Amino acid sequence: MGIIERFCRTDFSSYEDFFANFTIRVPENFNFTYDVIDEWAALEPEKKALVWCNDLGDERTFTFTDISVLSRKAASAFYKLGLRRGDTVMLMVKRRWEFWVIVPALCRLGVTVIPATFLLTAKDIAYRAELASIKMLITVPDDGICANVDDGLARYGRPCMKGTVGGTHDGYLDVDALIDAGDESFARPTGDDATKNDDIMLGYFTSGTTGAPSLAVHDFVYPLGHILTAKFWQDLQEDDLHLTVADTGWAKCSWGKLYGQWICGAALFVYDYGAKFQPTDLLRVVEKHNVTSFCAPPTVYRFLIKEDLSQFHLTSLKKSHTAGEPLNPEVFNRWKEFTGLEIHEGFGQTETPVLIATTKWTEPHSGSTGMPLPWMNIKLIDENNEEVEIGSEGEICIPLQNGHPAGLVREYKGNPEKTAKAFHDGYYHTGDMAWKDEQGYVWFVGRNDDVIKSSGYRIGPFEVESALMEHPAVLETAITAVPDPKRGQVVKATVVLTRGYQPSEALVRELQDHVKRVTAPYKYPRIVEFVDELPKTTSGKIRRVEIRKRDAEK
């Protein structure tokens with residue numbers, strides 16, 4: 001028997017059986033590292049856990065025993081640095097293999113992990129460091145990234161250790177050397193140092209539409225929620241080698257490259273490539289390493305189907321999945337034509353595991369996300385807090401009448417207003433709208449706010465608007481999404497210029513470059529439209545919905 005059977009039943013005969021009878025057994029004081037990684041190492045010492053390679057030709061393979069030993073050594077090193085239960089560490093480490101050692105190590109100690117993208121600017125870092133009260137930041141030895149870290153932590157103003165993996169940098173601790181010198185006999189903490197189920201294990205910053213990014217935090221039972229993601233959506237088995245295309249700074253990494261997959265006993269495949277995604281390089285490593293399970297946002301699939309797939313032998317692939325944005329039917333059909341595989345969609349949030357999905361028991365319906373999964377047991381709710389009828393749109397909500405399910409966000413740290421907006425009237429409110437057909441399939445409609453999803457990134461209009469407003473040429477601006485065949489959506493800026501400035505292509509480029517400097521570069525507006533005034537409500541609020549409507553009519 002594997003590890004997963006300790007937490008749930010897995011032998012369901014149908015979707016109906018699964019939906020009616022699935023439940024998760026949550027142990028007291030569950031700790032993912034001790035109760036999953038160490039247990040796999042004890043049960044099958046040579047079991048493969050991680051296959052890592054990069055675009056420079058480097059390769060490494062790790063067993064669960066390797067991860068167990070290295071994470072104990074890392075835990076002892078971090079303990080010597082003074083990190084304790086309740087402290088917080090931010091990671092900006094790209095796809096370095098050390099991520100899969102450091103995260104389990106900090107879990108051993110009860111230290112909260114804040115994964116973050118390496119694209120953050122100094123301003124972004126300072127804001128996140130302050131809200132999360134970080135004690136240490138670990139990154140890669142890149143001069144540009146380290147310059148942003150140095151500037152950001154200087155603005156933060158509190159004592160904060162800095163470290164690097166994959167090389168050294170002046171003024172930074174060599175984390176690889178610390179791990180090498182660590183004590184592999186590090187024991188599980190007891191007493192006040194021992195982790196509890198309701199301790200905060202993990203946090204992700206999420207972009208919103210009306211303010212700065214919020215910090216969504218998860219407790220120590222969060223990994224168990226991803227049993228749904230890995231076992232029942234991705235259908236992973238112990239002999240699978242699974243690749244999810246995601247940087248470690250995004251929640252999709254927790255979804256597809258760590259928790260649920262290791263609970264299932266599957267091995268993770270990680271391809272660490274540079275800043276620019278090359279579809280053919282990804283296909284080559286999938287072919288070379290015989291990857292069996294693949295998950296990527298629709299944007300990646302759109303790039304892949306434009307390549308000559310006949311040049312690649314992808315016969316090892318047995319499963320394909322996608323999440324992050326609606327899947328274009330053409331992409332679904334072309335991928336199936338080349339590989340013979342149907343792409344199974346899933347829907348969830350940074351705040352949740354998978355909520356709706358096409359499982360092995362349900363046929364994919366083009367345009368539908370799939371069917372609701374048990375445990376979270378979503379309902380579609382109207383503005384009166386009533387469940388809507390078949391065919392009617394409602395907000396995707398998670399009922400809380402039976403308690404707080406493992407895998408669901410606990411709160412937005414330091415933001416009680418946002419927490420209260422999400423948790424009220426017996427439900428967790430996702431803010432996403434959908435409708436259900438008579439067969440039980442759910443059809444996603446969109447956000448009830450204005451978050452933009454572009455190439456797998458979630459972009460809050462407020463952050464881009466704030467960046468643009470710092471430019472002297474911008475009097476007012478509204479950020480909206482425009483559909484794009486490659487990226488799903490792209491950012492559009494509708495701009496009212498200050499007196500003395502005139503529209504021009506040169507000014508467009510200047511504003512785009514300005515946004516790239518002020519905030520993360522992926523947020524810059526690919527479309528800029530100059531107007532005399534913005535549509536507004538009588539109370540003065542910008543009507544982004546009207547801008548989107550005008551664009552659609554064009």
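Position 1 is the first residue of the sequence, and the numbers go up from there. A quick note: this is a predicted structure, and the numbers were derived from the prediction, not measured.
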Measure the spacing between CD of Glu411 and CG of Asp219 and express it to the nearest 0.5 Å.
10.5 Å

Taking the basic N atoms (NZ, or NE/NH1/NH2) and the acidic carboxylate oxygens, is any pair closer than 4.0 Å for [X] and [Y]?
X      : Y      : result
Asp38  : Arg188 : no
Arg155 : Glu130 : no
Asp272 : Arg60  : no
Asp183 : Lys80  : no

Backbone N or O of [Y] within a donor-acceptor pair of the [X] side chain at under 3.5 Å?
X      : Y      : result
Arg158 : Lys135 : no
Asn197 : Asn29  : yes
Lys379 : Asn377 : no
Thr352 : Gly348 : no
His218 : Thr350 : yes
Thr112 : Leu202 : no
Asp151 : Asn148 : no
Lys73  : Asp180 : yes
Thr322 : Ala296 : yes
Lys418 : Ser214 : no

Could you please spell out the steps behind the ring-ring contact (aromatic ring centres under 6.0 Å, His included) verdict for Trp100 and Phe62?
CA-CA 10 Å; Trp100 286 268; Phe62 302 83; 9.4 Å; no

Would you kindly check if the NZ (Lys) or CZ (Arg) of Lys47 is within the cone defined by 45 degrees around the ring axis of Phe64 and under 6.0 Å from the six-membered ring centre?
no

Trace of the ring-ring contact (aromatic ring centres under 6.0 Å, His included) decision for Phe32 with His226
CA-CA 12 Å; Phe32 176 76; His226 281 299; over 10 Å; no

How would you list, by chain and number, every residue that makes a ring pair (Phe, Tyr, Trp, His ring centres under 6.0 Å) with [X], sequence neighbours excluded?
X      : result
Tyr457 : Trp250, Tyr522
Phe232 : Phe12, Phe18, Phe22
Trp375 : none

If you draw a 6.0 Å radius around NZ in Lys48, do more than 12 non-hydrogen atoms from other residues or ligands fall strictly inside?
no

Go through Lys162 and Asp150 one step at a time and tell me if the side-chain contact (heavy atoms from CB on, under 4.5 Å) criterion holds.
CA-CA 9 Å; Lys162 300 179 294 185; Asp150 292 340; 2.9 Å; yes

Do Pro115 and Val93 come close enough that some side-chain heavy atom pair is under 4.5 Å?
no

